[in-house]
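I have placed the structure first, in the form of structure tokens, so that the comments after it can refer back to it.
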Amino acid sequence: EILKDSEFNIRSELVETEEEAVKAAKRLKYPVIIKNTVGAKSLFIKKVENEKELRKNFREIKEGIKKQSAEYTLNFKKFFPKIKYHDPKKHLLIEKFIEGKQITVVSFPGDKKIWHIPILCRVVTAKESGIADTHLLARTIPYKAGEVLTEKIFQASEDTIKRLKTKRCGTHIELLVTEKNEVKILEITTRLGGFRPEMFKEAYGINLFRILTEVAVGKTPKIKLTKKCAVTAVEKFHSKSGIIKSITGVKEIQARKDVFGFKQASFIGDETGPASKGHRAICSFIVKGKTSKTSHEKALKYLKKIRIIVK
């Protein structure tokens, strides 16, 4: 709603019922994205091509959110009782699908000035790598987009922050760059973004938490970057829903010197499955490389070494 008249906006409509979703999709024209209004990690998000797919996924996502809302959605009523928000159990978002590359920016709005970390992060979706799921497969820094496009990306980020009137916080901004180099805002949240503190610390020796603290207390943050390497963060999901029977390859990956930040969230006996069905990543880790290309390629190679069997 805040970006309604912005050139960086992606058309979308908030819906509550299945019929409202069908009407919204017809207005926006297929393909569209149907997704939850609250949450993270690209859970409960699906691209649909027609009304039949829309109806099927509307019901599945609604049911999934009802079952897992306690774990996968933010409890705003408890922590932010005065903030108005769209109830994730009632509302879904229908958004016009636009093809493009996902880029993210980390920014820190102060009282009168907005500080941007001048490094772009390239996000590769599962779909881009030929995986039939909705999660963000890999996040890599640094990403070079060219001087003109980079300026436009930061312009879009700054414009959106000013519209939201956020101050003294960290912001994670996801943008989409189309084939025509148009820049669109996918998401903006007052957080630093998944893996970003660890990634920037390793690649550039910069502490995002320190910068956040300085901005929060009204100080001018000290942003000094010294590039040490490129890094790629990846997450492992399973393509089918089920109970984990076995997991192999974890110790091999953990032992590698170019891997850090390994976290395992699911184990033998736990339920797992694709992100599109509301499941969390089984594990995640970050890989170092001399260049963005090498860190990305190694990360995808290591992901394949972790084998999971479900029943």
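Given the structure is predicted, the values throughout are model-derived calculations rather than measurements.
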_Working to the nearest 0.5 angstrom, can you tell me the gap between T140 OG1 and K293 NZ?_
13.0 Å
*Under 3.5 Å: donor-acceptor pair, side chain of R196, backbone of G194*: yes
*Between the side chains of E235 and H135, does any donor sit under 3.5 Å from an acceptor?*
no
*asked:* Apply salt bridge (charged side-chain N to carboxylate O under 4.0 Å, His left out) to residues K56 and E51 and explain how you reach the verdict.
replied: CA-CA 9 Å; K56 177 178 179 291; E51 183 177 325; over 6 Å; no
*Short N-O contact, E128 and R122, less than 4.0 angstrom*: yes
*Following the transitive rule for hydrophobic clusters with a side-chain heavy-atom cut-off under 4.5 Å over Ile, Leu, Val, Met, Phe, Trp and Tyr, establish whether V15 and L54 coincide in one cluster.*
yes
*Do T150 and K144 come close enough that some side-chain heavy atom pair is under 4.5 Å?*
no
_According to a hydrophobic-cluster definition based on side-chain heavy atoms being under 4.5 Å apart (Ile, Leu, Val, Met, Phe, Trp, Tyr only), do Y30 and F58 belong together?_
yes
*Shared hydrophobic cluster for L208 and M199 (ILVMFWY, side-chain gaps under 4.5 Å)*: yes
_Heavy-atom pair with the smallest gap, counting every atom of K219 and W115_ = O-CH2, 4.5 Å
*Minimum-distance pair of heavy atoms, taken over all atoms of E49 and P31*: OE1-CB, 3.5 Å
*asked:* Within the 4.5 Å heavy-atom criterion, are I119 and Y143 side-chain neighbours or not?
replied: no
*Please name the pair of heavy atoms, one in S266 and one in A281, separated by the smallest distance, quoted to 0.1 Å.*
OG-O, 4.2 Å
*Does the side chain of I306 come within less than 4.5 Å of I253's, by heavy atoms?*
yes
*Might you point out which heavy atoms bring G110 and V215 nearest each other, and give the distance in Å?*
CA-CG1, 4.1 Å
*Spell out, as yes or no, whether a donor-acceptor pair under 3.5 Å connects the side chain of S129 to the backbone of I131.*
no
*Any chain of hydrophobic side-chain contacts (each under 4.5 Å) joining I188 to L120?*
yes
*How many angstroms lie between atom CG of L28 and atom OG of S12, to the nearest 0.5 angstrom?*
7.5 Å
*I would like to know whether E19 and K23 meet salt bridge (charged side-chain N to carboxylate O under 4.0 Å, His left out); could you show each step before the answer?*
CA-CA 6 Å; E19 293 308 317; K23 290 178 182 178; over 6 Å; no
*Could you check if a side-chain atom of T17 sits within less than 4.5 angstrom of a side-chain atom of E20, using non-hydrogen atoms only?*
yes
*Side chain K305, main chain G249, donor-acceptor under 3.5 Å*: no
*asked:* Using a 6.0 Å cut-off, check whether atom CD of E151 has over 12 heavy atoms from anything other than its own residue.
replied: no
*Does NZ or CZ of K47 fall inside the cone over F97's six-membered ring, less than 6.0 Å from its centre and within 45° of the axis?*
yes
*Parallel, tilted or perpendicular: which fits the ring planes of F262 and F285, with parallel below 30° and perpendicular above 60°?*
parallel
*Can you tell me if S295 uses its side chain to pair, donor with acceptor, with the backbone of G289 under 3.5 Å?*
no
*asked:* Under 4.0 Å between a side-chain nitrogen and a carboxylate oxygen: does that hold for K263 and E198?
replied: yes
*How about R307: does its CZ atom have over 12 heavy atoms from other parts shown lying under 6.0 Å from it?*
no
*Can you find a pair of side-chain heavy atoms, one from L212 and one from F108, that are under 4.5 Å apart?*
yes
*Is there a side-chain contact between F8 and L175, using heavy atoms and a 4.5 Å cut-off?*
no
*Steps toward side-chain contact (heavy atoms from CB on, under 4.5 Å) verdict (F209, L192)*: CA-CA 9 Å; F209 291 119; L192 295 178; 3.7 Å; yes
*What heavy-atom pair brings I10 and K184 nearest, and what distance separates the two atoms?*
CG1-CB, 3.5 Å
*Do L300 and V287 share a hydrophobic cluster, counting only Ile, Leu, Val, Met, Phe, Trp and Tyr and linking them when any side-chain heavy atoms are less than 4.5 Å apart?*
yes
*Nearest non-hydrogen partners of F195 and R139, listed with the distance*: CE1-NH1, 3.5 Å
*Would you check if Y204 and I117 make a side-chain contact, meaning some heavy-atom pair closer than 4.5 Å?*
no
*Please round to the nearest 0.5 Å and tell me the distance separating atom CD1 of I161 and atom SG of C169.*
7.5 Å
*Check whether any side-chain N or O of D270 sits under 3.5 Å from a backbone N or O of F267 as a donor-acceptor pair, and report yes or no.*
yes
*Using modelled atom types only, decide if a donor and an acceptor are shared between the side chain of D133 and the backbone of A275 within a distance under 3.5 Å.*
yes
*Report the C-alpha separation of E158 and K162 in whole Å, then their side-chain angles, then the decisive distance to 0.1 Å, and conclude whether the salt bridge (charged side-chain N to carboxylate O under 4.0 Å, His left out) test is met.*
CA-CA 6 Å; E158 186 140 343; K162 288 179 179 178; 3.7 Å; yes
_Atom NZ of K227 with >12 non-hydrogen neighbours under 6.0 angstrom_ = yes
*How about R191 and T171: does a side-chain donor come under 3.5 Å of a side-chain acceptor?*
no
*asked:* Can a side-chain donor-acceptor contact be found between T272 and H279 if the only test is distance below 3.5 angstrom?
replied: no
*Just by distance, do the side chain of E214 and the backbone of K222 share a donor-acceptor pair under 3.5 Å?*
yes
*With no hydrogens and no angle check, is any side-chain donor or acceptor of N57 less than 3.5 Å from a backbone partner on E53?*
yes
*Rounded to the nearest 0.5 Å, how far does CG of N181 lie from CG of L149?*
5.0 Å
*So S246 and I308, side-chain contact (heavy atoms from CB on, under 4.5 Å) or not? Walk me through it.*
CA-CA 6 Å; S246 68; I308 296 132; over 6 Å; no
*Identify whether the distance between the nearest side-chain nitrogen and carboxylate oxygen of E18 and R59 falls below 4.0 Å.*
yes
*Only one of L176, N9, I173 clears side-chain contact (heavy atoms from CB on, under 4.5 Å) with I185; which?*
I173
*Counting heavy atoms not belonging to K228, are there more than 12 under 6.0 Å from its NZ?*
yes
*K298 atom NZ: more than 12 heavy-atom contacts under 6.0 Å*: yes
*asked:* Quick check: do P274 and H238 have side-chain heavy atoms less than 4.5 Å from each other?
replied: no
*Could you tell me the separation between the OG1 atom of T190 and the NE2 atom of H172, rounded to the nearest 0.5 Å?*
11.5 Å
*Apply the test side-chain contact (heavy atoms from CB on, under 4.5 Å) to residues I45 and N36: give CA-CA distance (whole Å), side-chain angles for both, the deciding distance (0.1 Å), then the verdict.*
CA-CA 7 Å; I45 297 177; N36 61 329; 4.1 Å; yes
_Looking at S292 and P142, would you say the former's side chain and the latter's main chain have a donor-acceptor pair under 3.5 Å?_
yes
*Chi angles and distances behind the salt bridge (charged side-chain N to carboxylate O under 4.0 Å, His left out) call for K288, E202*: CA-CA 8 Å; K288 296 182 285 186; E202 189 68 32; 3.4 Å; yes
*K62 side chain to L92 main-chain N or O, any donor-acceptor pair under 3.5 Å?*
no
*asked:* Measuring from atom NZ of K311 to atom NZ of K245, what distance do you get when rounded to the nearest 0.5 angstrom?
replied: 7.0 Å
*Start with the C-alpha distance between V106 and F200, add both sets of side-chain angles, then the distance that settles side-chain contact (heavy atoms from CB on, under 4.5 Å), and finish with yes or no.*
CA-CA 10 Å; V106 178; F200 278 98; 4.1 Å; yes
